[in-house]
Amino acid sequence: MDKIKVGILGSTGSVGQRYVNMLKDHPWFEVRALSASSASVGKKYREASKWVLDVDMPTSAAEMSVIAADGNALRKEGVELVFSALPSDVAKVVEKEIVDGGFTVVADTSAHRMDADVPLLIPEVNSQHLEALTKQRQKKKGIIVTGPNCTTIGLAMSLKPIQQEYGLRRVLVSTMQALSGAGFFGVPSMAIVDNLIPYIRNEEEKVASELLKILGDYHGEFKNSNIKVGASCHRVAVLDGHTEAVFLETSRAASPEDVASSMKAFKGEPQILKLPSAPTVPIIVRGEPDRPQPRLDRLSGTPERAKGMATVVGRIRREEALENGIKYIVLSHNTIRGAAGNAILIAELLKAKGMI
Ligand code: NAP
């Protein structure tokens with residue numbers, strides 16, 4: 001089978017490096033172009049990227065020359081599918097131009113997440129939202145699918161089985177988010193060592209609005225879920241892995257054991273279709289009183305290609321202060337499941353369904 005030729009926008013950044021690593025030896029995709037800002041264009045990838053992953057930079061990427069973030073440069077390299085990990089303000093313009101140029105774009109950025117015809121996708125949770133591409137194809141030369149904010153992904157994954165089986169009335173979440181979520185230059189070390197920062201700009205609004213779109217329906221147009229959502233978002237001195245304390249009210253009463261069973265049994269299209277980057281078990285439920293922990297659990301997931309793709313839940317218990325109250329802790333790897341890995345899984349789903 002010929003591999004689909006892909007390009008990565010923002011390839012030198014925190015998320016971009018994850019793409020480069022996750023796409024090496026991918027069975028369906030072949031990286032043909034690495035793009036970054038004008039300060040990096042023309043340099044070898046090994047010179048342009050300040051590599052921060054604890055695995056070696058793939059040799060196939062190291063000697064590639066970084067190209068500009070535009071359709072002509074991508075077309076010259078034969079690129080068909082574009083992953084975007086650009087800063088959102090840049091993405092607003094660039095992603096549109098690239099879709100207008102006829103490419104398929106899968107974006108981690110917030111630029112087009114809430115657009116009326118753009119799916120905001122977690123493949124296990126709302127793959128039926130891909131129906132929106134029919135409308136897109138009538139208007140656009142290319143297509144675009146987005147992935148949610150890194151904080152929303154683990155939360156939505158853990159909520160989906162509960163919503164399906166018991167209904168959800170109210171969700172409150174308090175987050176402890178890793179530094180890599182802010183990009184390599186995002187949080188100065190002097191601000192975070194011996195500290196936490198109880199504010200992340202625009203994050204709480206994104207969690208609420210994105211969650212309602214993801215857990216809502218699509219019938220010719222998106223209709224938000226009517227769950228009441230409240231979020232408080234915080235940056236903590238953890239390198240990778242967002243941990244969240246979730247409090248919720250179900251519509252029908254459910255015990256902690258019921259909730260744990262529904263999470264353990266949960267599977268989505270990626271598992272049914274056996275996509276290459278799909279975790280065999282999408283939600284891992286741990287029974288220990290002190291798990292999940294980011295350092296110990298963020299790389300959960302099998303097979304090897306899906307490490308960091310599983311969402312890990314623990315401490316599921318009753319919350320007596322709420323009606324039909326349940327609370328738990330959820331953890332997911334923000335640059336793998338929360339960004340590059342989710343986008344790669346979206347692309348695999350598009351391919352498996354014959355949509356690209
Ligand atoms: P980052 O580490 O700051 O990387 C930004 C990348 O964009 C770099 O490759 C940079 O290239 C490139 N870039 C900057 N300005 C550009 C321009 N004008 N034209 C072309 N390329 C440009 O950011 P990140 O954390 O990887 O995040 C990337 C995107 O993913 C953001 O939209 C973010 O909100 C989203 N996201 C991040 C996470 C996460 O956990 N980090 C999770 C989900 C979504 P240079 O190296 O040349 O500057």
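Start at 1 and go down the list; that is how both ligands and their atoms are numbered.
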Would [X] count as being in polar contact with ligand 1, using the rule that some N or O on each side must be under 3.5 angstrom apart?
{"X": "S37", "value": "yes"}
{"X": "G13", "value": "yes"}
{"X": "T109", "value": "no"}
{"X": "T12", "value": "yes"}
{"X": "V15", "value": "yes"}
{"X": "R113", "value": "no"}
{"X": "N334", "value": "yes"}

Name the closest protein heavy atom to [atom], giving the residue it belongs to and the distance to 0.1 Å.
{"atom": "atom 32 (O) of ligand 1", "result": "L86 O, 2.7 Å"}
{"atom": "atom 2 (O) of ligand 1", "result": "S14 N, 2.9 Å"}
{"atom": "atom 41 (N) of ligand 1", "result": "S180 O, 2.9 Å"}
{"atom": "atom 28 (C) of ligand 1", "result": "A85 O, 3.1 Å"}
{"atom": "atom 12 (C) of ligand 1", "result": "G10 CA, 3.9 Å"}
{"atom": "atom 23 (O) of ligand 1", "result": "G183 CA, 4.1 Å"}
{"atom": "atom 34 (O) of ligand 1", "result": "S88 OG, 4.4 Å"}
{"atom": "atom 44 (C) of ligand 1", "result": "D108 O, 3.3 Å"}

**Item:** Positive for side-chain contact (heavy atoms from CB on, under 4.5 Å) with L121, one of I214, V106, L349, T146
**Value:** L349
**Message:** Here's a test for you: under side-chain contact (heavy atoms from CB on, under 4.5 Å), which of V145, L130, N342, L273 qualifies with P123?
**Reply:** N342
Can you list the ligand 1 atoms lying under 4.0 Å from a non-hydrogen atom of [X]?
{"X": "S40", "result": "45 (P), 46 (O), 47 (O)"}
{"X": "A36", "result": "11 (O), 20 (C), 21 (N), 47 (O)"}
{"X": "S11", "result": "9 (O)"}
{"X": "A339", "result": "42 (C), 43 (C)"}
{"X": "G338", "result": "42 (C), 43 (C)"}
{"X": "V90", "result": "17 (C), 18 (N), 19 (N)"}
{"X": "F184", "result": "2 (O)"}
{"X": "C150", "result": "40 (O), 42 (C), 43 (C)"}

**Asked** Among pairs that include at least one residue of residues 53-66, which meet side chain to side chain donor-acceptor pair (under 3.5 Å), considering only residues two or more places apart or in two chains?
**Response** R46-E63
**Request:** May I ask you to identify, for S38, whether its side chain, its backbone, both or neither come under 4.0 Å of ligand 1 on a heavy-atom basis?
**Result:** neither
**Message:** Minimum heavy-atom separation for R315 and P289, please, with both atom names.
**Reply:** CD-O, 3.2 Å
**Prompt:** What pair of heavy atoms forms the shortest contact from A111 to D115, and how long is it?
**Reply:** O-OD1, 4.2 Å
**Message:** Between L215 and K160, is there a side-chain heavy-atom distance shorter than 4.5 Å?
**Reply:** yes
**Asked** With a 4.5 Å limit on heavy-atom distance, are the side chains of T12 and K50 in contact?
**Response** no
**Request:** State yes or no: do L299 and L179 share one hydrophobic cluster built from I, L, V, M, F, W and Y residues joined by side-chain heavy-atom distances below 4.5 Å, directly or via other members?
**Result:** no
**Prompt:** Distance below 4.0 Å between atom 14 (C) of ligand 1 and any protein heavy atom?
**Reply:** yes
**Request:** Keeping the roles fixed (side chain from E204, backbone from G230), state whether a donor-acceptor pair exists under 3.5 Å.
**Result:** no
Report yes or no: does [X] have a heavy atom closer than 4.0 Å to ligand 1?
{"X": "P87", "value": "yes"}
{"X": "A39", "value": "no"}
{"X": "N149", "value": "no"}

Classify the side-chain pair [X]/[Y] by whether it contains a donor and acceptor separated by less than 3.5 Å.
{"X": "T311", "Y": "S158", "value": "no"}
{"X": "E165", "Y": "S262", "value": "no"}
{"X": "S332", "Y": "R337", "value": "no"}

**Prompt:** Roughly how far apart are I284 CD1 and L331 CG, rounded to 0.5 Å?
**Reply:** 10.0 Å
**Asked** How about K267: does its NZ atom have over 12 heavy atoms from other parts shown lying under 6.0 Å from it?
**Response** yes
**Request:** Could you tell me whether R32 and E30 make a salt bridge, using a distance below 4.0 angstrom between a side-chain N and a carboxylate O?
**Result:** yes
Distance-only donor-acceptor hits, side chain of residues 236-244, under 3.5 Å, sequence neighbours excluded:
from	atom 1	to	atom 2	distance (Å)
D240	OD1	S180	OG	2.6
H242	ND1	A178	N	2.9

